[in-house]
Structures are given as C-alpha cells and as structure tokens.
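Chain letters run A, B, ... following the sequence lines, proteins first and then strands; every chain starts at 1.
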Protein chains: 2
Amino acid sequence: MNTKIPTPSLTRLCLIYQACEDLYLKGQATVSSIELARILDSSSANVRKDINYLGEIGNSRAGYEVMKLKNFIAANLNLTQKRKTCIVGLGRLGSAILAYEGRLSAGGYRVVAGFDASINRLETIRATVPLYPDYEMTDVVRQEQIELAIVTVPGEAAQKVTDQLVEGGVKGIINFTPVVVKSQKAGVRVRNIDMVNELRVLTSMMTTEQSDSKMKRATETQRHREEKNR
Amino acid sequence: MNTKIPTPSLTRLCLIYQACEDLYLKGQATVSSIELARILDSSSANVRKDINYLGEIGNSRAGYEVMKLKNFIAANLNLTQKRKTCIVGLGRLGSAILAYEGRLSAGGYRVVAGFDASINRLETIRATVPLYPDYEMTDVVRQEQIELAIVTVPGEAAQKVTDQLVEGGVKGIINFTPVVVKSQKAGVRVRNIDMVNELRVLTSMMTTEQSDSKMKRATETQRHREEKNR
DNA sequence: GCGTGTGAACTGGTTCACAGCG
DNA sequence: CGCTGTGAACCAGTTCACACGC
C-alpha cells in the first residue's frame, strides 16, 4: 500500500490522527473530509487524497468513522506501539520537555533516558526517568533500543551528539539546535527546528508580503460547498 | 525584486543567513554554494537559485563574500531591525523559552512581554521582561506594537489566544500547541510545531521506509563535483 | 443530495546542464 | 579551470471536477 507517501501528506495524516483522537473524546462518531480540512486548515481534496494513500476506508454520504479512521492511520503509519525516546541536553529547554513526559507518553512515546554532559546537573535534576552522562549515550541507546531522540544541546555539540545517537542505533531525531545536523547512516530521519530561524522565516514572510496561501483559492462551486459547512 | 519567493527557499535563505554569521565568526571571508549546500544539507543548485531570487551578488570563481551575502539576505528579507516578540503561556516550556531570551535577542528578536492566565504564576516567576495577565494581552500587544508571538499555552486555549494576538496586531505566530490554529485576518503567518506530531511523522517515516531523499541523486558528473569538495 | 474516491490538469519547486566570466 | 547565474527539463504535490455509491 505505501508506495511512497509524500512527506506533507504524512504530516497531515498524523494531524488527522490527532484530530480523530480529539473528536472521539468529544463523542463525535463520524467526520467528513471537509470538517477535517477545517481542523487542519487544509483542503478537503487534500485530506481525501492523503487518506487514500493508505487505501480505501470511507463510507460515502456519512464521512469517515472517527475511530476506524484513527486506527486505520495508526496501523498504516506504525503508530500503534509505544516507542522509546530520549532527551539529550538537560538545560532549560531539555528539562521542560522532560517535564512534558506526560504528554509525550499519552502520545505514544515513552521517555526512557535523559543525557547531559554535566554530572553536576544530572545530580540536581530530579526526574522520573533515569539520567546518564553523555559518554554513556551510545551504549544506553543501544542497550535500551531507543529509537527516537530529542536534542537540546548547544549548537556546537549538536553534530557530535547526533553521531553518537546514530551510532547507538537511533532512527529519528528532533534537533532543536540552530545547527543543521546530518546523519551519515542513511535511513535516519532528522527534523531540524530552530526557534530563531522560525522567527526569521516568519519575519521575512510577513514583511515581504508573500501572496497569502489563503488567497489562491478554489473555484466558486468548491468554495461554496466548503463555506456552507462552517 | 521579490516577486514571490517560495517558502522552502525562504527557509533556506534564513539558514544561509545564520551560516554566514557562523562562518564570519570563524573568520572565513568567502564561501561557495557547494559549501553552503553542505552546511544546509541541500544541493548547490538549490542554494544558488535561492540566492538568486534576491538578485545577483556572487563573485565567480571565488564564491560569495560571507559578509556581503549576509547583509544582502538581511536587507532583502527585512532581518535588519530588531522585532518585538512576546511569549504567551509561561508553563515549563514558556519559561524555558523566556530564559532563552539571550539567544533570541542575539538573533534579532527582543522579548518585550510574557503572558499567562495564572496571576499566581506571574508572581512567582522572576524575569527580566515584564509579565502580564492574559486579559491584557490584546492591549499590550497593540500598545507595544508587538509583531511576533510564541504560544505555549495548553491546546484548549490556543485558538482563543491566537485570536487575541491577531486582534492586537501581531503578524506572526509560532504555535507549540497540538492544536492547529488559524488566523482570521489574512496576512498573519502561523507556524505550527507540535512535538508529539513531529515524533509521529518521524516514526512513520522511519518505519514506512520512505525512499530516502538522499537516494535520488545527481548525475555522475554533479555528484563527483560535490563529493570532491568534502 | 451529500460525500468519498480518483484521474487529469496544473502549479510550484528542484535538479540538470551549460554558458559566461574572472 | 572553478564557480556563479539561469533557462530548460523534470518531478512532486495540490487542486479540479466529476463519476459512483449510500
């Protein structure tokens, strides 16, 4: 089924997955592509295409069954089992994320280790997850079979840390550092998120007055259909 | 000059801007598109195209002058003046970012306000920037002419907060909430970043074995040229 | 009628390949 | 030569528009 799903679709599918969870908690049993589009701030055609990458599921006239859709996405995107995760760098940001542990866990990610270069810091932080000095990183990752890592070290250390993680067998990394890191080993996925850069992109977009994506829009017929349901 | 620069290019240009800063600090005077590509984990053609959206600048044979390029990008993307920024929601994550103030400032963003719904919390946090209760948000934003906001409130509050910010005149928002928020007013840019969703995307990418973007590659000649310079 | 599934048309970005210049 | 600037070719993702099913 999954002969290459485009990344933007993958991102939206994960968002849809979350939306299903929320809708389910609200007691809603069924949802249309139009409603999902509204939640994701996307288009209904887009939503339908995305879902169809995974195969057929919908029930015409009534839309998608919330629970069925959620499970369907989870099954196809391998979101069913809890994945082991670690946090590297326990400064302000890292600690905050560590404290976030609950939400990560609810989302299907168990934080099983924290790492930092400063032994001192390791001793002062009290956490529910075990903390280790950075030089044990590769070993612990390998031993515990940790699949994901969240990196919040200073920029200078980012690439080194990445290498150690990859060496230990990590398969996905979120890097909050201003340095773009790369994994030698193919197949390891990295997502770089730097706040300053995000702010700059935002700044350039807002000042350079890019034609707003909401301006280029559907034809009359389409627009009416979508608007009506608001 | 800037008749619509694609968003991915904008993102890379900001990264290049940062790279220039770093290179400058290292004392490097000149940089080639190939080297930049390596830093950004991108392709040289891409880098050249991006830079050319802004107009011509390069100095054949020797590459780009680091400082000139940096200023060139700053001028075109309006990265020259310091922008006022605020942080909404001062829980663990918000406070961590508040403490990050130094890096934001170094990057050209002055944090001039923090907001939270809990008066209690406002009183316990000690910060160098003024803190306000959330109901003053719209007013303060308008008064101070704050252009950017970083939102770290609980998901339920995200859309409401966004509306208040937009009402006050904010032009760009980074939303760390699991809820995708939308601005009614056109022209306001929103960047949604949710950690759990990022982890899910990563998970689906790594397990679903998407053909790695590094696999589909340049022709022989091209590859050789790029590799040689490593 | 309402809403999914889907080819076909289109738009946007990336990569190629090479001319031109120091 | 080495490296930029750039049309042209290519590939990817989005939007359109409509057929088909409940």
**OP:** Please assess A/Tyr109 against B/Thr203 for the test side-chain contact (heavy atoms from CB on, under 4.5 Å), listing each intermediate value before the final yes or no.
**Re:** CA-CA 10 Å; A/Tyr109 296 89; B/Thr203 304; 2.7 Å; yes
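Between A/Ile51 atom CD1 and D/dT14 atom P there is a gap of 14 Å when expressed in whole angstrom units. Regarding B/Asn52, its CG atom lies at a distance of 15 Å from the C1' atom of C/dG13, rounded to whole Å. Summarising the geometry, the separation between NZ on B/Lys68 and P on D/dT4 is reported as 13 Å, rounded to the nearest angstrom. We find that CG of A/Leu54 is positioned 13 Å from C1' of C/dG5, with the value rounded to whole Å. Atom pair A/Ile34:CD1 and D/dT15:P shows a separation of 15 Å (rounding to whole Å applied). Protein atom CZ of A/Arg48 is 11 Å distant from nucleotide atom P of C/dT6, rounded to whole Å. Atom OH in A/Tyr53 sits roughly 12 Å away from atom P in C/dG7 (whole-Å rounding). Between B/Asp50 atom CG and D/dG5 atom C1' there is a gap of 13 Å when expressed in whole angstrom units.
Contact annotation: B/Tyr64 reaches the phosphate of D/dG5 (side-chain N/O to OP1 or OP2, under 4.0 Å). Taking only side-chain nitrogens and oxygens, A/Ser43 comes nearer than 4.0 Å to OP1 or OP2 of D/dT15. Distances shorter than 4.0 Å separate none of the side-chain N or O atoms of A/Ser32 from OP1 or OP2 on C/dG3. Proximity of A/Asn46 to the phosphate of D/dG13: no side-chain N or O atom is located under 4.0 Å from OP1 or OP2.
Distances from the side chain of A/Ala45 to the nucleotides D/dT14, C/dC16, D/dT15 place D/dT15 closest. Closest to the side chain of B/Glu56, from the set D/dT14, C/dT6, D/dG5, is D/dG5.
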Under 3.5 Å, which protein N or O atoms sit close to an N or O of nucleotides 19-22 of chain C? Give each pair with its distance.
none

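Among pairs with a residue in residues 150-160 of chain A, those fulfilling side-chain hydrogen bond (donor to acceptor under 3.5 Å, both in side chains) read A/Gln159-A/Asp163, at least two apart in sequence or across chains.
B/Arg12 meets the side chain to side chain donor-acceptor pair (under 3.5 Å) test with B/Ser9, B/Asp50; sequence neighbours excluded.
Between A/Val181 and A/Asn192 the shortest heavy-atom distance is N-OD1, 3.4 Å.
Residues A/Ser105 and A/Lys82 have side chains that bring a donor and an acceptor to within less than 3.5 angstrom of each other.
A heavy-atom distance below 4.5 Å is not found between the side chains of A/Asn197 and B/Tyr17.
Mapping B/Ile57 and A/Arg12 onto DNA chain D by nearest heavy atom places B/Ile57 at the nucleotide closer to the 5' end. Each of A/Lys49 and A/Ser33 was matched to the nucleotide of DNA chain C holding its nearest heavy atom; the match closer to the 5' end belongs to A/Ser33.
The pair A/Lys84-A/Glu147 does not meet the salt-bridge criterion, since no charged nitrogen lies less than 4.0 angstrom from a carboxylate oxygen.
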